[in-house]
Participant: 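Take this structure first; my questions come after.
One-based numbering, in listed order, for ligands and for the atoms of each. Excluded from the calculations below are hydrogen atoms, water molecules and symmetry mates; all remaining heavy atoms, backbone and side chain alike, are included.
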Amino acid sequence: MPRPDALPAELAIVVPTYNEVRNVPLIVAAVERALGDIRWEIVFVDDHSPDGTAEEARTLALADPRVRVLHRYGRRGLASACVEGILATAAPFVAVMDGDMQHDEAVLVAMFRRIIAGDVDLVVGSRYVEGGGVGDWDKRRAAMSRFATALANRLTRTAIGDPMSGFFMLTRSAFMAALPGLSSVGFKILLDIAASSPTPLRVAEVPFTFRARQHGESKLDGLVLWEYLQLLLDKAFGHIIPVRFIGFAIVGGSGVVVHFLVLTLVLQVLLALYGNVQEERWFAIAQGVAALTATSSNFFLNNYLTYRDQRLTGARLAWGWLTFNIVCGVGFLANVGIARWLYQRHNYIAAAALAGIAVTTVWNYAMSSIFTWRKRG
Ligand code: GDD
Ligand code: MN
C-alpha cells in the first residue's frame, strides 16, 4: 500500500507567474487551507522572473512535495506557460489560476465538485454570472472586457459568459483534444482552448469576485489588444498562414506608410532649403533616409509586437537591428530584381510591384526569423 500522502494528485493547479515572489507563498497557503481532502498539486510555471519567484517556489517545493516548479528560460507568455504547465502533470483534472491572489482559491472546491460530476468538460470561474463581480475595476476596463467578450463569443461560436477569464478547470481529455489546435499566443488561454476544441465543450460557470492585487503589479498592458487580434487572426487563418507572418506583414505595411511620410518630408525640406537644381540628388538622399527610417521602425515594431515573446534587449537589440537591416537590404535587391524582370516581360506595373513586395516580405520574414529573432538555447 502506498502512503496516503504519496497518492498521485487528482487535481493539478497550474499557476503562471512572472514577478510574483511575495504572492507565491500566499497561494500555497491559501490552496492548502481551501482544498481540504482533495488530492492536489500546484505547478508554478515561471518565466525566469527577475525577482526570484522560481527560487521562492523551489524553496516551498522542498517543504511540500505537492508544490512543483516549471522554470522556463529565454521566453515569455502567459498562454504558453499554462499549456506547458498542464502538460507537465498527470492529474486527470487541471485548473489554471493566476499567481497574484486575484482569483478566489475557495472556488476551486465548487469547480472540482462540478467537474467530477462528469457531465461537463470545463468549469469557468466567471466574473459576470449572478453573484460574480469585477472587484475594483475602473469603468473603461470593464467596458473593454465586455466588448471583447461579445466579439469572442461570435467568432468562436462558444457560449461562455466570461471567455477572457484566466480562472478555470477542465478535464485532461478535453485539453488533450484541443491541444493540436492551440495558438498559445497572448493572454487568452481559455478562449484559445474553447475555440480549438474539435467538439463544443460542455461548460459550467461558477461565480467569483476578482480580488484586488496586494503585491506586485499587472503584466497586462496596452498590447493585450494586439495579442487578442493575433489570437483571433490565428483562429481564423492560422491553418493557412502562421500568425507571426500576419503580424510581420501588418508591420511591413506600416513601414510603407512611414517610408512615404519621411520621403515627402525630407524631400520638401531639401527643396525648400536648396531649390530644385539638384532635384535627383535630393530625391536619392530622401529615399535613403526614408528607407533607413522605415526599416528601423519595422525592426522596433516587430521586436515590440511580432516577437514580443522573444523581445531583444541591450546588446542583442543592436545586433538584431544590424542583421535586420542586412536581411531587408538583400530583400530590397530581390524586390527590385523580381519586379523588374516581371515588368520587362509583362508590362503590368502594379502586378510586378506587388509580386516584388510579396517575395520580399516572405524573404524578410524567413531570414529575420533565422538571423534576427533566432530562438535561444
Ligand atoms: N509564466 C508567465 N509568463 N506568467 C505570466 C506572464 C508571462 O509572460 N505574464 C503574466 N503572468 C502571470 C502573472 O504573474 C499572474 O500570475 C497571471 O499570469 C496573471 O497576470 P496579471 O498580469 O496579474 O493579469 P491581470 O490580473 O491584469 O489579468 C487577469 O484578468 C484577465 C481578464 O481581464 C488574468 O487572469 C488574465 O488571464 C485575464 O484575461
Ligand atoms: Mn492579476
Side-chain angles (χ1 to χ4, degrees), residues 13-28 30-31 42-54 56-57 68-88 95-105 107 124-128 132-152 160-169 184-194 208-228 231 307-311:
I13 304 148
V14 172
V15 181
T17 56
Y18 195 76
N19 286 345
E20 306 288 2
V21 69
R22 295 183 65 185
N23 288 312
V24 153
L26 302 181
I27 296 272
V28 175
V31 166
I42 294 183
V43 183
F44 288 109
V45 188
D46 187 70
D47 289 349
H48 201 62
S49 299
D51 75 350
T53 305
E56 179 67 30
R68 299 178 40 210
V69 189
L70 180 56
H71 186 148
R72 308 196 302 170
Y73 181 74
R75 59 212 169 97
R76 282 285 307 273
L78 178 54
S80 64
C82 295
V83 169
E84 288 169 36
I86 295 173
L87 288 173
V96 170
M97 184 169 86
D98 285 355
D100 55 4
M101 297 293 286
Q102 290 198 274
H103 291 162
D104 185 355
E105 64 290 330
V107 170
V124 181
S126 172
R127 296 158 298 176
Y128 294 130
V134 290
D136 60 354
W137 273 17
D138 61 52
K139 279 213 172 66
R140 203 173 133 257
R141 185 169 170 184
M144 266 172 53
S145 176
R146 217 160 269 144
F147 173 71
T149 301
L151 194 65
I160 303 175
D162 193 359
M164 305 296 153
S165 176
F167 190 26
F168 57 91
M169 190 182 292
S184 300
V185 287
F187 261 67
K188 308 304 176 197
I189 177 67
L190 173 60
L191 181 61
D192 197 2
I193 292 174
F208 82 98
T209 303
F210 202 71
R211 292 194 289 233
R213 227 184 214 279
Q214 302 302 327
H215 306 291
E217 54 196 39
S218 171
K219 284 91 212 172
L220 221 143
D221 54 21
L223 290 184
V224 291
L225 273 181
W226 164 259
E227 287 187 333
Y228 183 52
L231 178 63
Y307 285 96
R308 186 172 188 206
D309 55 336
Q310 282 163 246
R311 199 175 284 170

Participant: Looking only at non-hydrogen atoms, find the nearest pair between Gly99 and Val15 and report the distance.
Facilitator: CA-CG1, 3.3 Å
Participant: Can you sort out which atoms of ligand 1 are near Lys188, meaning under 4.0 Å from one of its heavy atoms?
Facilitator: 39 (O)
Participant: Compare Leu70, Asp309, Asp47, Leu190 and give the one whose heavy atom is closest to atom 3 (N) of ligand 1.
Facilitator: Asp47
Participant: Taking 4.0 angstrom as the limit and counting only heavy atoms of Gly99, give me the atoms of ligand 1 inside it, by number and element.
Facilitator: 15 (C), 16 (O)
Participant: When you compare the side chain of Asp104 with that of Thr209, does any pair of heavy atoms fall below 4.5 Å?
Facilitator: no
Participant: At under 4.0 Å between heavy atoms, is it the side chain or the backbone of Val45 that contacts ligand 1, or both, or neither?
Facilitator: backbone
Participant: Could you measure the distance from the NE2 atom of His103 to the CZ atom of Phe210? Nearest 0.5 Å is fine.
Facilitator: 4.5 Å
Participant: Residue-level breakdown please: for Met101 versus ligand 1, do any non-hydrogen atoms fall below 4.0 Å on the side chain, on the backbone, on both, or on neither?
Facilitator: neither
Participant: For atom 10 (C) of ligand 1, which candidate among Arg308, Lys219, Arg72 provides the closest heavy atom?
Facilitator: Lys219
Participant: Please confirm whether Phe210 comes within less than 3.5 Å of ligand 1 when only nitrogen or oxygen atoms on both sides are compared.
Facilitator: no
Participant: Could you tell me, atom by atom, which parts of ligand 1 come under 4.0 Å of a heavy atom of His103?
Facilitator: 35 (O)
Participant: Looking only at heavy atoms, which two atoms of Ser165 and Arg127 are closest? And how far apart?
Facilitator: N-NH2, 4.0 Å
Participant: Search all heavy atoms of Pro25 against all heavy atoms of Glu56 and return the closest pair with its distance.
Facilitator: CG-OE2, 3.7 Å
Participant: What are the protein N, O or S atoms, given as residue plus atom name, that sit under 2.8 Å from the Mn ion (ligand 2)?
Facilitator: Asp100 OD2, Gln102 OE1
Participant: Which is closest to atom 34 (C) of ligand 1 by heavy-atom distance: Asp98, Asp46, Asn23, Ile189?
Facilitator: Asp98
Participant: Which heavy atom in Ile42 sits nearest to a heavy atom in Ile27, and how many Å separate them?
Facilitator: CD1-CG2, 4.2 Å
Participant: Using a strict 4.0 Å cut-off to heavy atoms of Ala81, name the atoms of ligand 1 that fall inside it.
Facilitator: 1 (N)
Participant: Taking the side chain as every heavy atom from C-beta outward, state whether Met101 and Arg213 have any atom pair closer than 4.5 Å.
Facilitator: no
Participant: Taking only heavy atoms of Gly77 into account, list the atoms of ligand 1 that are under 4.0 Å away from them.
Facilitator: 3 (N), 7 (C), 8 (O)
Participant: Kindly compute the distance separating NE2 (His215) from CG (Asn23), expressed to the nearest 0.5 Å.
Facilitator: 6.0 Å
Participant: Can you figure out which of Glu217, His71, Arg76, Arg75 has its heavy atom closest to atom 7 (C) of ligand 1?
Facilitator: Arg76
Participant: Closest approach of Ser49 and Tyr18, non-hydrogen atoms and distance?
Facilitator: OG-CA, 3.2 Å
Participant: Taking only heavy atoms of Met164 into account, list the atoms of ligand 1 that are under 4.0 Å away from them.
Facilitator: 32 (C), 38 (C), 39 (O)
Participant: State the atoms of ligand 1, each with its element, that fall below the 4.0 Å cut-off from a heavy-atom position in Gln102.
Facilitator: 23 (O), 26 (O)
Participant: Taking only heavy atoms of Gly166, which atoms of ligand 1 are found under 4.0 Å from at least one of them?
Facilitator: 35 (O), 37 (O)
Participant: Answer side chain, backbone, both or neither: which part of Glu20 comes under 4.0 Å from ligand 1, heavy atoms only.
Facilitator: side chain
Participant: Tell me, please, which residues at least two apart from Arg308 pass salt bridge (Lys or Arg N to Asp or Glu O under 4.0 Å).
Facilitator: Asp221, Glu227
Participant: Considering non-hydrogen atoms only, spot the tightest contact between Pro16 and Met97 and give its length.
Facilitator: CD-O, 3.3 Å
